[in-house]
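Beneath this line is the structure, given in structure tokens, with notes to follow.
Below, read A as the first sequence line, B as the second, and so on, with proteins coming before strands; counting in each chain starts at 1.
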Amino acid sequence: MRPANSYTLYWMGVTFLLFPILILLGIYMRTVQAGGLAGTVTWFYPMMTLHGVGMVGVWYVAAMACAADILGRYTEPSPAVRGLALGGTLVGVLLLLACVFLGKFAGGWYFLYPLPFKGEWPAWSAVAFLLSLTVLGATWLVWTLDLLRAIAKKYTLTQALGWHYLAGRDEPAIPPSIMIITVSLIAGVAALAAGVIVLVLFYQELFTGAASDALMVKNLTFFFGHTLVNLAMYLGVAAAYEVLPQYAGRPWKANKIVAISWNTVLLIVLFAYFHHLYMDFVQPGTLQYIGQIASYASAIPAAVVTIFGALLLVYRARMRWNLASLLFFLGLIGWAVGGMGAVIDSTISANVRLHNTLWVPAHFHTYMLAGLVFLVFAYFYHCSQEAAAEPERAGRQKLVSVLMVAGAYGFFLMFYLSGAYSVPRRFATYPAELAHGGAFSAIAAVFATVFLVGFLLYLAETGSRWYKAMQTAS
Amino acid sequence: MRYLAAVLLLCVLVPFAPARAENEAADRGRILFEQKCASCHTIGGGARVGPDLQGAHQRRSEEWLLRFVTEPDRMIAEKDEIAVRLVEQFNRIVMPNLGLQASEARELLAHIKLVGGTQAAAAPPQPAAAPLPRPDLIAPQSIVLGVFLFVSAIIVLVFAWVGFSTRQPEEVNVKKAYGFRKALFATASAVVVATLVMTMPGAPYAVASLKADRIVYVAARQFDFVFSDEPITSAADLGRIPTMRHLDLPANALVEFRVTSLDVNHGFGVYGPERQLLAQTQAMPGYVNRLRVSLAQPGHYKVFCLEYCAAGHHAMQSGFDVK
Ligand code: HEM
Ligand SMILES: [Cu+2]
Ligand SMILES: [Cu+2]
């Protein structure tokens with residue numbers, strides 16, 4: 001038995017509360033796209049915005065909570081900042097709910113300039129949205145910086161990045177999870193800084209009327225969005241590095257290769273975002289090609305070092321399979337499959353046919369839902385089970401996993417098929433020429449409901465342990 | 001003789017004098033309509049984001065129309081019976097208050113009357129589009145899907161094999177595994193480089209040395225695409241620069257679309273007769289993207305907006321014919 005950290009448990013509570021609501025919004029969207037609930041179609045885009053910002057936000061903070069929990073085992077993050085992170089996030093979420101439900105704000109999750117100023121929603125709701133993101137961005141930036149401070153206090157940043165491995169020294173030994181978290185947090189500072197600049201440009205226009213350059217803001221927006229989503233994924237992978245060895249009964253240590261791999265990732269991930277601008281033909285051509293090269297290159301360390309390392313860890317191991325180890329394993333599959341969908345989309349000549357079709361939600365839902373969500377669920381279950389030490393029933397845990405996997409992949413497949421058939425993303429309803437998009441949506445809504453049922457069973461499994469862990473939390 | 005001329009002149013001028021003033025108003029109305037209304041309405045061209053305005057002056061009173069055009073938001077808020085019914089009919093997209101003066105509204109109505117009157121017999125109401133069956137998947141989309149499903153299947157098989165291997169636990173030879181990893185790294189790098197070399201030349205960016213056979217200017221705005229032979233770079237150009245109601249393109253010619261936007265980001269996605277994407281570019285305010293296509297197959301092509309641009313996004317479409 002090992003008592004759980006109470007902040008980690010609070011974050012679990014927040015996640016468990018918000019996730020099912022956001023899933024329902026997803027099912028709602030697919031229903032409208034299938035032609036159902038026609039009377040509510042004006043709510044489609046506001047709900048799409050809420051679902052997108054909400055999901056990205058929830059899974060980013062959930063991944064950060066895992067990282068903070070892991071760091072808590074090796075370093076001393078500030079308790080005050082932990083409280084601030086929780087409080088700031090709640091304030092941001094309240095503002096977000098207000099602007100969407102009261103103001104019908106519908107700028108989309110990455111609020112591409114200048115759309116927030118030019119929609120059918122009232123101006124105040126756009127301002128509330130910007131304020132919400134400002135609160136969230138500022139809070140998370142402080143949180144990120146504090147975690148980096150805690151790391152730098154215990155190790156040095158160069159050690160935490162494993163640069164001494166590059167120089168051929170093995171001492172001090174750095175847990176690979178620390179190395180990955182450090183890489184992700186540094187990328188996080190860059191992403192959040194870009195987000196802050198975008199917000200400042202919006203405020204500037206709001207107060208002085210000075211318009212910004214649409215192409216420049218687009219670059220900043222996608223640098224922010226792409227990097228944030230990727231680093232959330234890496235934090236989930238860090239959790240796998242930390243915990244999976246305990247179930248495999250084998251070590252998963254840092255060495256020169258792991259250090260090279262993750263330092264390369266840090267470098268590459270900052271350039272891959274150009275793949276979001278392939279269809280902006282005025283963007284300098286060199287950057288477009290750099291985008292494709294960087295996107296392809298980022299797959300190599302992921303596949304050859306991390307996925308290979310995980311497979312080697314598990315191969316013929318005396319593995320203890322339970323909900324945690326199963327979900328870690330499944331989460332790595334989702335990361336690999338979704339990553340493959342992304343690499344295909346990052347091919348310029350394929351992107352011409354796939355950009356802004358449902359292929360895009362297809363691949364990011366794969367590595368978010370079947371990747372990051374599974375990894376974080378694994379970690380959450382692991383923490384509560386360690387504290388609660390309840391007997392585990394293998395049959396029920398298998399059922400949970402089967403339902404979530406079947407629901408998720410069925411749901412993804414409809415997105416992939418729609419994308420291949422050129423059905424655009426973000427269409428509230430489909431025109432007659434693309435009516436098959438509606439048929440795919442109907443099937444997807446059923447699969448998403450299966451996932452929801454699986455999630456509720458997961459909640460029953462983890463919730464009882466979470467409750468028990470609360471009693472003994474530190 | 002002089003008398004005769006004077007009488008003739010009078011005969012010609014008298015009936016036209018008030019008509020001329022009306023025509024001037026209608027002409028100002030035409031420009032206003034192009035600038036502020038044509039993104040959602042046609043007059044005799046069928047319903048778009050909003051209703052076809054042909055015959056509007058016959059189905060509604062002048063007073064109602066004048067008020068609705070100047071303050072649709074207030075009328076909808078006051079639950080005006082007709083307005084509410086129209087909102088329901090048109091996907092609950094609410095007509096925006098465009099801040100028009102009463103005099104401008106009158107000019108607009110004069111234009112709607114004039115055009116609607118002359119075209120009355122020409123344009124029959126369009127039937128509601130019936131959903132079309134799913135087309136056959138074209139290449140390269142079919143190849144993309146095939147490659148993805150194939151690689152995903154391999155990923156799943158490898159994971160499954162490793163997962164099931166834990167039924168027979170055994171120590172593994174780490175040295176051997178690292179040797180295997182080296183081979184994997186070499187193979188993966190080779191595949192990446194080969195794919196880069198193979199796919200990069202397929203990039204859609206315009207090559208300066210090739211001269212286009214036909215240039216079409218496209219201005220996107222919430223929520224339609226305007227085609228013209230001369231560039232339209234701001235809303236003020238609308239109604240002054242002639243636009244094309246109908247665009248015909250020659251088959252197999254190198255056509256260059258010069259795409260920009262008058263408001264927010266839009267996407268210009270060209271769908272072929274098979275109803276699948278052939279090419280696309282973004283429409284961005286302040287920039288012109290040059291999309292070059294050579295279309296072999298004759299038939300009707302559709303253009304859908306491929307960047308989310310607010311409530312009418314999914315209704316924002318256009319088209320052209322290739323002959
Ligand atoms: C069962 C769970 C889920 C369902 C049913 C669902 C469903 C959907 C649907 C239908 C859309 C709109 C697709 C379109 O037409 O463009 C969407 C968009 C989106 N989803 Fe999900 N989703 C789920 C989970 C997630 C998760 C876990 C994330 C985590 C990051 C996520 C993030 C997003 C984002 C960022 C968008 C784009 C919003 C935008 O375009 O502004 N979703 N989702
Ligand atoms: Cu990206
Ligand atoms: Cu659009």
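- When heavy atoms are compared at a cutoff of 4.5 Å, A:Tyr278 approaches chain B by way of both its backbone and its side chain.
- By the 30° and 60° cut-offs, the orientation of the rings of A:Trp359 relative to B:Phe148 is perpendicular.
- Contact annotation for A:Pro431: only side-chain heavy atoms (C-beta onward) come within less than 4.5 Å of a heavy atom of chain B.
- Heavy atoms of A:Ile293 lying under 4.5 Å from chain B belong to its backbone as well as its side chain.
- Note on ring orientation: taking the six-membered ring where Trp is involved, the planes of A:Tyr315 and B:Trp161 are tilted (angle from 30° to 60°).
- If you measure heavy-atom distances from A:Thr429 to chain B, the contacts under 4.5 Å come from both the backbone and the side chain.
- Interface remark: A:Leu115 contributes backbone and side-chain atoms alike to the contact with chain B (heavy atom separation under 4.5 Å).
- In this structure, the portion of A:Arg250 lying under 4.5 Å from any heavy atom of chain B is its side chain and not its backbone.
- For A:Val282, the parts sitting under 4.5 Å from any heavy atom of chain B are the backbone and the side chain alike.
- Remark: A:Phe329 engages A:Trp321, B:Phe159 in a ring-ring contact (aromatic ring centres under 6.0 Å, His included) (not counting sequence neighbours).
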So B:His313 and A:Phe427, ring-ring contact (aromatic ring centres under 6.0 Å, His included) or not? Walk me through it.
CA-CA 7 Å; B:His313 168 58; A:Phe427 265 32; 4.9 Å; yes

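- Neither side chain, A:Asn356 nor B:Tyr308, offers a donor N or O lying under 3.5 Å from an acceptor on the other.
- Between A:Thr347 and B:Thr195, the closest side-chain pair of non-hydrogen atoms is not below 4.5 Å.
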Can you check salt bridge (charged side-chain N to carboxylate O under 4.0 Å, His left out) on B:Glu307 and A:Arg426, steps first, answer last?
CA-CA 8 Å; B:Glu307 187 64 70; A:Arg426 298 172 142 188; 3.8 Å; yes

Checking side chain to side chain contact (heavy atoms under 4.5 Å, CB included) for the pair B:Thr199/A:Ile348: CA distance, chi angles, key distance, verdict?
CA-CA 8 Å; B:Thr199 60; A:Ile348 298 173; over 6 Å; no

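- A distance-only check finds a donor-acceptor pair linking the side chain of B:Ser165 to the backbone of A:Arg316 [under 3.5 Å].
- Contacts of A:Ile257 with chain B are made by side-chain atoms alone, with heavy-atom separations under 4.5 Å and no backbone atom involved.
- Of the charged side-chain nitrogens involved, none lies within less than 4.0 Å of a carboxylate oxygen, so that A:Glu433 and B:Arg275 do not count as a salt-bridged pair.
- Neither the backbone nor the side chain of A:Asp345 comes within contact range of chain B; no heavy atoms are under 4.5 Å apart.
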